[in-house]
K.L.:
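One structure follows; several queries about it will come next.
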Amino acid sequence: AMAYGDDGHNLREVLATFKSCLDEKSEILMDPYLAGWKGLVRFLNTMGTIFTFVSKDAVAKIQIMEEFRSGPHKESYRTLQSMVSYEMANNLVDMKKNTERPVSGCRTILRLHRALLWLQLFLEGLRTGGTDCRTSVVCTDSYNASLANYHPWIIRKATTIAFCTLPNREAFFENMKVGSNEEAVEMLGEALPHIKKLYDITQELYSRHKLLDLP
Ligand code: 1Q0
């Protein structure tokens, strides 16, 4: 019933896009970062309409960032670091709830950044889990250790129900379109350190600027 990768994409390429985000100064390039998320959304869209509420939110956030990237200050949004400098220097980041400032790039990327931790934990769980590991459990554990801490009860509930529909590990590997299970495990082992590095650099950037709790 599932058809991941039917659009010619495979998970190796998507994860390589994330790898290509780091420039020579260890800054994170916005365009490949967003392209990586778009690639993940394509996988998500093949996992059933039960995940539509997730992909809609991800797409909305990608679009907000693409608008910054094509707007009058596009150069300021070239990297995550330049975005933080620009928005902070120009007082564009809303530190409190319920004020009238428009949505910032910083708070939008923070949501994707938190989701990147989920991705890292989930793929690591798939990589190291046994052949009979339960993907819904791996996914729920990864979610509880990351995004769930920021989601209200109703979202946590909907998410946990959706996770129960996930296919088994073998089906996931098959649908990554990277070859045998062994090759999939190897690909993940190669790609995950780069995802972790992106996460760590962003976490450090946001922590240094006290942006980790943006409403
Ligand atoms: C394996 C499929 C599971 C994918 C779901 C994982 C994440 C669940 C997140 C639930 C989000 C619920 C919708 C809305 C939430 C927002 O309230 C929240 C906060 O934003 P705001 O503006 O209200 O403050 N938004 C978020 O937390 C952002 C969530 C972004 C989720 C991005 C998920 C991208 C897709 C991933 C699929 C990867 C599959 C990889 C494995 C493929 C193997 C064949």
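In listed order, ligands and their atoms are each counted from 1. These numbers were taken from a predicted model, which means no experiment stands behind them.
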K.L.:
Is the shortest distance from a heavy atom of Tyr150 to ligand 1 less than 4.0 Å?
P.N.:
no

K.L.:
Can you find a non-hydrogen atom of His151 under 4.0 Å from ligand 1?
P.N.:
yes

K.L.:
Walk me through whether Ser82 and Thr79 qualify under side chain to side chain donor-acceptor pair (under 3.5 Å).
P.N.:
CA-CA 5 Å; Ser82 63; Thr79 69; 3.2 Å; yes

K.L.:
Of all the heavy-atom pairs spanning Tyr33 and Leu112, show the shortest one and how long it is.
P.N.:
OH-C, 4.0 Å

K.L.:
Can Glu66 and Arg69 be said to form a salt bridge (charged side-chain N to carboxylate O under 4.0 Å, His left out), step by step?
P.N.:
CA-CA 5 Å; Glu66 287 183 333; Arg69 266 308 273 155; over 6 Å; no

K.L.:
List every atom of ligand 1 that sits less than 4.0 Å from any heavy atom of Phe51, numbering the atoms from 1 in the order shown and giving each element.
P.N.:
3 (C)

K.L.:
Does any N or O of ligand 1 fall below 3.5 Å from an N or O anywhere on Asn175, backbone included?
P.N.:
no

K.L.:
Is it true that, when you exclude Asn90 itself, more than 12 heavy atoms of the residues, nucleotides or ligands shown sit nearer than 6.0 Å to its CG?
P.N.:
yes

K.L.:
With atom 36 (C) of ligand 1 as the reference point, say which of Phe43, Trp118, Tyr143, Trp37 has the nearest heavy atom.
P.N.:
Trp118

K.L.:
How far does CD1 of Ile201 sit from CD of Glu204, to the nearest 0.5 angstrom?
P.N.:
8.5 Å

K.L.:
Given that the side chain starts at C-beta and the backbone is N, CA, C, O, which of these parts of Phe172 lies under 4.0 Å from ligand 1, counting heavy atoms, or is it both or neither?
P.N.:
both

K.L.:
Indicate yes or no: does an N/O atom of Arg111 lie under 3.5 Å from an N/O atom of ligand 1?
P.N.:
yes

K.L.:
Hey, can you tell me if Trp37 and Phe18 have their rings parallel, tilted or perpendicular (30° and 60° cut-offs)?
P.N.:
perpendicular

K.L.:
Return the CE to SG distance between Met30 and Cys21, rounded to the nearest 0.5 Å.
P.N.:
10.0 Å

K.L.:
Looking only at N/O atoms, are Asp57 and ligand 1 under 3.5 Å apart anywhere?
P.N.:
yes

K.L.:
From Phe173 CZ over to Glu183 CD, what is the distance, rounded to the nearest 0.5 angstrom?
P.N.:
12.0 Å

K.L.:
Need the ligand 1 atom indices (1-based, order shown) with element for anything under 4.0 Å from a heavy-atom of Met47.
P.N.:
1 (C), 2 (C), 39 (C), 42 (C)

K.L.:
Check each heavy atom of Leu112 against ligand 1 and say whether those closer than 4.0 Å belong to the side chain, the backbone, both or neither.
P.N.:
neither

K.L.:
Answer yes or no: does an N/O atom from Lys61 fall short of 3.5 Å to an N/O atom of ligand 1?
P.N.:
yes

K.L.:
Yes or no: does Met176 have any heavy atom under 4.0 Å from an atom of ligand 1?
P.N.:
yes

K.L.:
Could you grab the distance from atom CG of Leu29 to atom CG of Leu80, nearest 0.5 Å is fine?
P.N.:
9.5 Å

K.L.:
Need the ligand 1 atom indices (1-based, order shown) with element for anything under 4.0 Å from a heavy-atom of Leu147.
P.N.:
7 (C), 9 (C), 27 (O)

K.L.:
Answer with yes or no whether Phe163 contacts ligand 1, where contact means a heavy atom under 4.0 Å from a ligand atom.
P.N.:
yes

K.L.:
With sequence neighbours left out, write down each residue that passes ring-ring contact (aromatic ring centres under 6.0 Å, His included) with His73, or none if nothing qualifies.
P.N.:
Tyr86

K.L.:
So, regarding Arg107 and ligand 1 (criterion: nitrogen or oxygen to nitrogen or oxygen, under 3.5 Å), is there a contact or not?
P.N.:
yes

